[in-house]
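Note that these values count all heavy atoms, side chains included, but never hydrogens, waters or copies made by symmetry. All residue numbers in this chain count up from 1 along the given sequence. Each ligand, and each atom within it, is numbered from 1 in the order the structure gives.
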Amino acid sequence: MRIDQRISVEFAFPVVFTRGIFSPGNTALPDALGGEPARAFCIVDENVPKHHPALLAQIDTFFTRATSHLTLAAPPLLIPGGEAAKNDFALIERLMAAMLDLRLDRRAYVFVIGGGAVLDAAGLAASLVHRGLRLVRIPTTVLSQNDGGVGVKNGVNFQGGKNALGTFAPPAAVVNDFDFLSTLPDPAWRAGIAEAFKVAIIRDRDFFDWLCRRATAFFSRDAGALEQLVVRCATLHLEHIRTSGDPFEFGSARPLDFGHWAAHKLELLSKFQISHGEAVGAGIALDSAYALERGWISVAEWDRIHRGLVESGLQIWFPELARPELFEGLREFQEHLGGELCVTFPRGIGDRHEVHEIDREAMVRALAVLRKTATEPA
Ligand SMILES: NC(=O)c1ccc[n+]([C@@H]2O[C@H](COP(=O)([O-])OP(=O)(O)OC[C@H]3O[C@@H](n4cnc5c(N)ncnc54)[C@H](O)[C@@H]3O)[C@@H](O)[C@H]2O)c1
Ligand SMILES: [Zn+2]
C-alpha cells in the first residue's frame, strides 16, 4: 500500500519600515502583530543599546503601556553582537534554556533586536523551542534590514562551517527601523550595500544603474540614499523568495548566493575579521571578473560593477583571496547546497545563469584581474 501525502503551508508575514519603533505613538509593531494578548521575550544585540542608550527604557515603557496586549515575560536579554553570536553554540543552548525557563509557549513572541548575526542565532534558538516560537525580527543593520532579516532562514556556524546548522523558519513579522542605522560602524554600513549590488547585478538593471549613480552618496553616509537602497533591496529580496518557486531551497540553484561561495570562504579564512557583507563585495567582484573572462559580461559592464563597488566604499581585493584554500569554498558551497555544484553568474547586467562547473584557470585569471584592478590607480 502507498499513500501519496502532499502538504502545502502558506506563510504570510508583514515587513514594515518605520522610525522610532518604540517611541510613544508609533503603532507599527502592534499593528504588525494583531491584537491577540501574548507573552513576549526580547533578545537584544548588546551593541545596539550601547549606541542607543534610551532603548531598554523605551522597550520597558512600550510593553507596560496600558494599551499593550503584549506582556514582557522577563527583562530584555542582552547577548554579544556580531559573528561571535554565531560561533558559540553554548549561547544557543542558553537562549533555549531561557525560553523554556520562562515557559514560553508556541503563542509567545520572541523579539530579536540586532544585526544579522544576532537575528540568525536567536532565530535558530526560537525555531527549535517547542518546534518554533513566533519570531519578530527588528533588524538594526543595513544588511539585516535589506537581506538576511527579511528572509526565511537562520543559522549558526559549527565545526568550522559557515551556517552549518540552521532551519528555515519564516518570522511572524519584520519591523525595520531606519533610526538604528545612523550609529553603525563603517564596515556594517557598507555591508548591506554589497548585498544590494548582488541582487541588482543578477536581477534588476535599473536598480544597478541607480546604485552606481548613488555610490558616492553611500560612501559619504547619505542616510536618505541608504534608506531608499534598503527599501528597494528588501523588496527585491522578498520578491525573489516569493516568486522563485523554491523559498526553502530544495533545488540547487541559489541566485541570492551570487558571489557567496568565495565570500563564505573569505570570512572563514580571515577568522571572521572580514565581515559577511565586506566579503560579499569581494565575492561578487570576483565572480563578475570570472563572468568577464568567460565573455558573459562586457569590459564596460565589468568596469561599471567594480567602480560601483569601490565608489561605495567596498574593498574588492583581500589578501586571503590569494590563498589556495579559496578553491575549497566551491566544494563547501556544493555540500551546503546539496546535489551538483550550481553557481550563479551575471549574464549582462540584470540577468543571470547557473553554471555547474568552474574553469579553474579562468578563475585564476579572474583573481589576477581583480588584484590588478584593486591596486591600480582609478
Ligand atoms: N539568514 C539569512 O538569510 C542571512 C542573509 C545574509 C546574511 N546573514 C548573516 O548576517 C550576518 C551579518 O549581519 P550584519 O551585516 O548585520 O552584521 P552583524 O550582525 O555582524 O553586525 C555588525 C556589528 O554591528 C553591531 N550593530 C548592530 N546594530 C548596530 C547599530 N544599530 N549600531 C551600532 N552597531 C550595531 C553588531 O553588534 C556587530 O558588532 C552574517 O552572519 C551573515 O551570515 C544571514
Ligand atoms: Zn549574504
Side-chain angles (χ1 to χ4, degrees), residues 21 43-53 55 78-87 112-124 127 135 137-158 161-171 174 176-199 202 221 223 226 230 233-234 237-238 240-241 247-249 254-264 266-268 272-284 333 336 344:
I21 180 173
I43 300 171
V44 183
D45 180 327
E46 66 183 11
N47 289 320
V48 181
K50 264 186 208 155
H51 292 89
H52 300 264
L55 179 66
L78 269 57
I79 67 167
E83 209 63 25
K86 291 177 62 168
N87 279 332
V112 191
I113 303 167
V118 161
L119 298 181
D120 269 4
L124 175 64
S127 80
L135 180 73
R137 298 199 193 112
I138 302 174
T140 59
T141 62
V142 181
L143 185 143
S144 58
Q145 292 195 357
N146 71 8
D147 191 287
V150 301
V152 295
K153 296 189 276 188
N154 52 55
V156 295
N157 311 325
F158 194 67
K162 174 80 185 171
N163 297 331
L165 301 181
T167 57
F168 286 91
V174 182
N176 280 337
D177 180 344
F178 293 135
D179 284 352
F180 285 118
L181 305 181
S182 62
T183 57
L184 287 174
D186 280 340
W189 173 273
R190 293 191 292 259
I193 300 170
E195 299 280 10
F197 271 97
K198 170 197 78 179
V199 73
I202 55 161
R221 296 194 62 139
L226 196 82
V230 167
C233 181
H237 196 90
L238 287 162
H240 179 85
I241 293 172
F248 285 5
E249 300 176 354
R254 202 76 68 81
L256 292 178
D257 276 351
F258 162 47
H260 277 54
W261 72 267
H264 285 160
L266 262 185
E267 289 183 74
L268 292 166
F272 299 103
Q273 293 309 300
I274 304 172
S275 74
H276 178 73
E278 291 176 295
V280 168
I284 60 180
F333 189 66
H336 195 63
T344 301

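- Taking the side chain as every heavy atom from C-beta outward, V150 and Q145 never approach each other to under 4.5 Å.
- For atom 2 (C) of ligand 1, the closest heavy atom belonging to the protein is G148 CA, 3.7 Å.
- Tested against D147 for a salt bridge (charged side-chain N to carboxylate O under 4.0 Å, His left out), the candidates R137, K153, K198 yield a single pass: K198.
- Among the atoms of E195, none of the N or O lies under 3.5 angstrom from an N or O of ligand 1.
- The heavy atom nearest to atom 20 (O) of ligand 1, considering only P80, G82, G81, P185, is found in G82.
- When all heavy atoms are compared, the tightest approach of P247 to I241 is CB-O, 3.7 Å.
- Against a heavy-atom cut-off of under 4.0 Å, F180 is close to the following atoms of ligand 1: 30 (C), 31 (N).
- A donor-acceptor pair is defined here as one N or O able to donate and one able to accept, closer than 3.5 Å; no such pair exists between the side chain of E46 and the backbone of L78.
- Nearest protein neighbour of atom 29 (C) of ligand 1, counting heavy atoms only, is L184 CD2, 3.5 Å.
- For the side chain to side chain contact (heavy atoms under 4.5 Å, CB included) with I274, the qualifying choice from V280, L266, L268 is L266, the only one to do so.
- Contacts between V48 and ligand 1, counted as non-hydrogen atom pairs separated by less than 4.0 Å, involve the side chain only.
- Contacts with ligand 1 closer than 4.0 Å are made by heavy atoms of both the backbone and the side chain of K153.
- Tested against F180, the residues V48, T141, V142 include a single side chain to side chain contact (heavy atoms under 4.5 Å, CB included) partner, V48.
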Could you walk me through whether H276 and E195 pass side chain to side chain donor-acceptor pair (under 3.5 Å), step by step?
CA-CA 10 Å; H276 178 73; E195 299 280 10; 3.0 Å; yes

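- Interface of D147 with ligand 1, defined as ligand atoms under 4.0 Å from a residue heavy atom, comprises 5 (C), 6 (C).
- Interface atoms of ligand 1 facing K162, defined by a heavy-atom separation under 4.0 Å, are 40 (C), 41 (O), 42 (C), 43 (O).
- Atom CG of residue D120 and atom CG of residue N163 lie 6.0 Å apart, to the nearest 0.5 angstrom.
- Atom CG of residue N146 and atom CG of residue L238 lie 10.5 Å apart, to the nearest 0.5 angstrom.
- Those atoms of ligand 1 that come under 4.0 Å of a heavy atom in T140, given as number and element, are 27 (C), 28 (N), 29 (C), 30 (C), 31 (N).
- With a 4.5 Å cut-off on side-chain heavy atoms, E83 and K162 count as touching.
- Annotation: side-chain hydrogen bond (donor to acceptor under 3.5 Å, both in side chains) contacts of N154 (sequence neighbours excluded): T167.
- Residue, atom and distance of the protein heavy atom nearest to atom 14 (P) of ligand 1 are G116 N, 3.6 Å.
- Residue contacts with ligand 1, taken as heavy atom pairs separated by less than 4.0 Å, involve D120 solely via side-chain atoms from C-beta onward.
- Contacts between T183 and ligand 1 below 4.0 angstrom, taking non-hydrogen atoms only, involve backbone and side chain alike.
- There is a protein heavy atom closer than 4.0 angstrom to atom 7 (C) of ligand 1.
- Residue contact check: L143 has heavy atoms under 4.0 Å from atoms 6 (C), 7 (C), 10 (O), 13 (O), 15 (O) of ligand 1.
- Nearest approach of A85 to P80, heavy atoms of both residues: CB-O, 3.5 Å.
- If you number the atoms of ligand 1 from 1 as listed, the ones under 4.0 Å from a heavy atom of D45 come out as 27 (C), 36 (C), 37 (O).
- Within the 4.5 Å cutoff, side-chain heavy atoms of P139 are placed close to those of L119.
- Residue E83 holds the heavy atom nearest to atom 41 (O) of ligand 1 of all those in R190, K198, R137, E83.
- By the criterion of a separation under 2.8 Å, the protein N/O/S atoms near the Zn ion (ligand 2) amount to E195 OE2, H260 NE2, H276 NE2.
- In terms of protein heavy atoms, atom 16 (O) of ligand 1 is closest to T141 OG1, 2.5 Å.
- With a heavy-atom cut-off of 4.0 Å, E46 does not touch ligand 1 at all.
- Atoms of ligand 1 lying under 4.0 Å from at least one heavy atom of G115, given by number and element, are 16 (O), 19 (O), 27 (C).
- Taking CG of L184 as the start and CZ of R221 as the end, the distance is 6.0 Å to the nearest 0.5 Å.
- For atom 39 (O) of ligand 1, the nearest protein heavy atom (residue, atom name, distance) is N47 ND2, 3.2 Å.
- A188 CB, 4.5 Å is the protein heavy atom nearest to atom 23 (C) of ligand 1.
- Here is the list of ligand 1 atoms found below 4.0 Å of a heavy atom in A117: 10 (O), 11 (C), 13 (O), 19 (O), 20 (O).
- Between V118 and G81 the shortest heavy-atom distance is CG2-CA, 3.9 Å.
- Put simply, the side chain of H237 does not reach to within 4.5 Å of the side chain of V199, judged on heavy atoms.
- With a 4.0 Å heavy-atom cut-off, ligand 1 is reached by no atom of K50.
- Within the 4.0 Å heavy-atom cutoff, H264 does not count among the residues contacting ligand 1.
- The single protein non-hydrogen atom nearest to atom 42 (C) of ligand 1 is H276 CG, 3.6 Å, given as residue, atom name and distance.
- Taking both residues in full, the closest heavy atoms of G277 and L143 are given as CA-CD1, 3.9 Å, listed atom of the first, atom of the second, then distance.
- N87 and N157 make their closest contact through OD1-ND2, 2.9 Å (heavy atoms, listed as atom of the first residue, atom of the second, distance).
- Nearest heavy atom pair, residue G114 against residue D45, reads CA-CB, 3.4 Å.
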